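Written out below as C-alpha cells is the structure these notes cover.
Here the structure is a predicted model, which is why all the values come from computation and not from measurement.
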There are 2 protein chains.
Amino acid sequence: MAKRVNQQLIADKLQVSRATVSRCFTNHPGINPETRGKVFKLAAALGYNHLEPRTGKGRRKSSPNRYGVLICTDVESYESTDYQSPGENLIAGLSEFSQLNNLLMEIHCVDPSEKTLTDPSYAKIETLGRREWDGVVLVYPFPETIVDELNLQVPVVSLVEQYSGTPVNCVDVDHHRGIALILRRLSDLGHKRIGFMTHRYGFDANWALRRHSAYVEEMTRLGLMVDPANVLNVRPTDRLVPEEAYAKALERTRYGVTAWVCAADHQAYGLISFFQQHGVKTPADVSVTGFDGIEKPDWAPELTTAVIPYYEIGQIGGRRLEDLAQKRFGSAQHVMLDCTLREGETVGPATSGSATSGPAAIN
Amino acid sequence: MAKRVNQQLIADKLQVSRATVSRCFTNHPGINPETRGKVFKLAAALGYNHLEPRTGKGRRKSSPNRYGVLICTDVESYESTDYQSPGENLIAGLSEFSQLNNLLMEIHCVDPSEKTLTDPSYAKIETLGRREWDGVVLVYPFPETIVDELNLQVPVVSLVEQYSGTPVNCVDVDHHRGIALILRRLSDLGHKRIGFMTHRYGFDANWALRRHSAYVEEMTRLGLMVDPANVLNVRPTDRLVPEEAYAKALERTRYGVTAWVCAADHQAYGLISFFQQHGVKTPADVSVTGFDGIEKPDWAPELTTAVIPYYEIGQIGGRRLEDLAQKRFGSAQHVMLDCTLREGETVGPATSGSATSGPAAIN
DNA sequence: GTATTGTGTGCATAAAGTTGCATAAAAGCA
DNA sequence: TGCTTTTATGCAACTTTATGCACACAATAC
C-alpha cells in the first residue's frame, strides 16, 4: 500500500529534515526560498495538503492592512476622462470595499513595457520597495515576469485573467456565460450560421482567445457546426488587420453567415460601420454582437452585448485579497462573475434568404 | 437481511470506532476531515440521518445555520468504499468547513432521473419540505428543473458546473488551467499533432465540452493547428461509442497524431488499453493524458493527468454558501480552483517518425 | 423494575507537526 | 587570510491531533 503522505515523506525524498519541511509550511523566516520552492513543488506533486490548524485562536491583528493597486497602462491613455473607462468602475468597486473594511489602498500606474520590479516605474514606488504592502491588486494584464516576482513576495489578485506559469488569483467576468447568453439569443432568433471575429492583439489578449473558446463550446452545445471559414483572426496563421477582417466578414456574410459574434464591443462597432459603408444593414441583413458593455459611439445603434460588471469585479477582488492576506484559503482561485445580456438594436431574426442561398443573396 | 442502520454499522464498514462516527455527527473538533468525509458520505448512501434527539438541554449556542447537501447519484454506485472516490473528498472539505464554522449539514442522495422537487427521492427529505434549510449544496450535475426550483427557495451552490438558464453559484476546477498545463507539457516534449478525445454522455457533461474548448484555446495559444479530424466525439454529429472512438484514434495515430488529450482519466485508461491490444505502446509510440486524478487501475501505468482538488472544492463551496446565506456578495459567481499536473508514465517525447510519415509509421 | 440498544464523552496514546537551540556553511570584512 | 556575522538546517524535546477504549446516560423492550 502506498505510504501515507506526510512531512516525513517529503523530507526523506528531498533529503532534508522534517523540521525544515515543517518550517516551509508554517512560513517561518530563515528558510532558503529555493528549499521552500522544492518543498512546495513536491508537496503539490504528492498531493500533500497542509491544513491550517483547526482552532483559530487569537489571530486577527488590528493594524489596518495596506494594499497596493497597480494599473498596467500608459498614464496618458488612462487619464483621459472623455468617456467612462472600465478601469474607473473597477477602482470604484475596489475603493468601496477598502473603505468599508477600513483598508489602505495605494494606487499607482506602471509602464506596460517594463519587465522587472527594478525598472523605473516600479522602483519609484517606495512602499513597494520597502515591502510594506500586505497584498497587491493588478489591473489589466501584466508581463508574466512581474506577476511571478510579485507573487513570491505578497498575495496577488489580478482583475483580469493573467496568463502565467505560476497560478494567479484572479477575478474576471465569466466569458463563457456571456458568450452563451449571446449565442442562445441568436439561436432563438433562428440563426444557424454564426461567425466569430476578433482583432489581432499582442499575446496579452487572453480574453479574445477565451471568448473564442466559449464560442466553440456553446456552438457545440447548441448543436451548430463551427465552420472554420467563419472564424476570423483566431488561428495562429491568421493575422488580419481590422479592415481585412471586416472585408472577410463581409465576404462570408455574402456566403450565408447571418450573425457575427465579435470578441469585443469596439470590434463590433467597427464591423457595423464597415458593413454600413458597403450597403449591408444591421440588423436587417446581418446581426452583430459585442462583449464589454462600453458606451456606444454617437453614430452607432445600441449594441447587443454582454455587460461586464466592472464595479463588482473590483469589490470581489478586494475581498479576495483580504482573504489571502489573512492566509485563509491559500491556493489560487479564479473567480468569474456573471454578466448580463444587454438587448440592443443590432440583432434581428435570421434572414431566411441568406441562410440558404449563395453569394448573390445580399448585394 | 439488511441490518438496522446505526452508527455501529457505519463504523464497521469504515473500520473505525463507533466513537469516531459519533464525534463526526456531533461536530466535535479533532476529527480528521478525511474521516469525517467518509462517514458523512457513507451515511448519506445508507440513508442514516442524525436528527439531534435531545433538544431539551440548553446546549444550543446561537442556533447554527442548517444546510442541505444533495448528491445526485445512484446510491449503489456511491456506496462502494473500495477506492477513494472523488465525492468523498468533496464531502470531506465541506464538512471540514461546517465543523469549523459550527454549521449543520444534512447529506442526502437523490435520484438523477427525477426532475421535480415533488418526486419521491426529494419528497422524502422532510427538512427540505419544511423549508428548514438556509442553503443547499449540489454535488454532481442536477436536472435543470431541480436547480431552478431550488434556486428560488434558498441560496444554492453547485460543486460542478451546472448548465442552466438562471445563473448558479458554482465551485469547480479550472478546466482551462488543467488543459493548459497538459498541453504545455506535451508541447515542451515536441508534440505538435495533438488530438482530443471524449466519450459521448448525456447533455449533462458540460465538463467535456469545457475541456474541449480549453483544448482549442490552448492549442491556438501555442500556435498549433486544431485539425478537426483529430477531435473525436465533440461535434454534434459525432456519436461514437467508446470502442469506435478508440478505433478512430488508432487510425489517426497511424496518420501521425503523436499525443491524445482525453477529457477524463477513465477515457484515457480505456484508450491506452485499446492501443495496447493493437500493439501500440504508451508512451513509446503515442502519448496519452487524462483529467481528474482518480486512482489508476492495477494493470495500467500511472497516467499523466490534471488532478482536481476535490477537498478544496468542498471547502470553498461551503464558504460560498455561508456568504450567500448571509446575503453578502449576492450575484452569481463561478469559482474555479487551480489544479496540479501529475507527471505519470504515459507521455514521452514526440516520436519523430510518426510525426512526419504516413499510415505505415506504426504497425 | 431490569435488560437492551443506541449514542455521547473523558481519558489514554500513538502518530504527526512545531520549535528552541546548536551548528555548519556562506558571506562580510579588515 | 582569519575573524565575525548571518543564514539555513538538523537534532531532540515538546505540542497537537486523531482515534480507540470504556463507561455514562437515555430511551425503549420485556
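Between the CG atom of B/N32 and the P atom of D/dT19 there is a distance of 5 Å, rounded to whole Å. Per the geometry, CG belonging to A/L14 stands 17 Å off P belonging to D/dA8, to the nearest Å. Remark: C1' of C/dA14 and CD of A/Q8 are 15 Å apart, rounded to the nearest angstrom. A straight line from CG of B/D12 to P of D/dG20 spans 11 Å, rounded to a whole angstrom. Straight-line distance from the CZ atom of B/R36 to the P atom of D/dT19: 10 Å, rounded to whole Å. The distance from atom CZ of B/R18 to atom P of C/dT5 is 13 Å, rounded to the nearest whole Å.
Here the straight-line distance linking atom CG of B/L138 with atom CD1 of B/I71 works out to 10.5 Å at 0.5 Å rounding.
Distances from the side chain of B/N6 to the nucleotides C/dG17, C/dG20, C/dT7 place C/dT7 closest. Ranking C/dT18, D/dG10, D/dT19 by closeness to the A/Q7 side chain, first place goes to C/dT18. Residue B/T35 has its side chain nearest to D/dT19 when only D/dG20, D/dC11, D/dT19 are considered. Listed candidates were D/dG10, C/dT7, C/dT9. Nearest to the side chain of A/V16 is D/dG10. Which of D/dA13, D/dG10, D/dA22 sits closest to the side chain of A/S17 comes down to D/dG10.
When heavy atoms are screened at a 4.0 angstrom cut-off, A/V21 is found touching no nucleic acid atom at all. Across all strands shown, B/S22 has heavy atoms under 4.0 Å from base atoms, whether or not it also approaches the sugar-phosphate.
Side chains of B/T304 and B/E343: a donor-acceptor N/O pair is absent below 3.5 angstrom, by distance only. For B/E161 and B/H334, the side-chain atoms include at least one donor-acceptor pair closer than 3.5 Å.
If you check distances only, the side chain of A/R23 never reaches the base of C/dT18 with a donor-acceptor pair under 3.5 Å.
B/H266 and B/W207 have perpendicular rings, their planes meeting at more than 60° on a 0 to 90° scale where under 30° would count as parallel.
Residue A/T20 is the one, among B/A19 and A/T20, whose nearest nucleotide of DNA chain D lies closer to the 5' end (criterion: closest heavy atom).
Phosphate contact (OP1/OP2 of C/dT9, side-chain N/O of B/H28, threshold under 4.0 Å): present.
At least one side-chain heavy atom of A/M336 sits under 4.5 Å from a side-chain heavy atom of B/M336.
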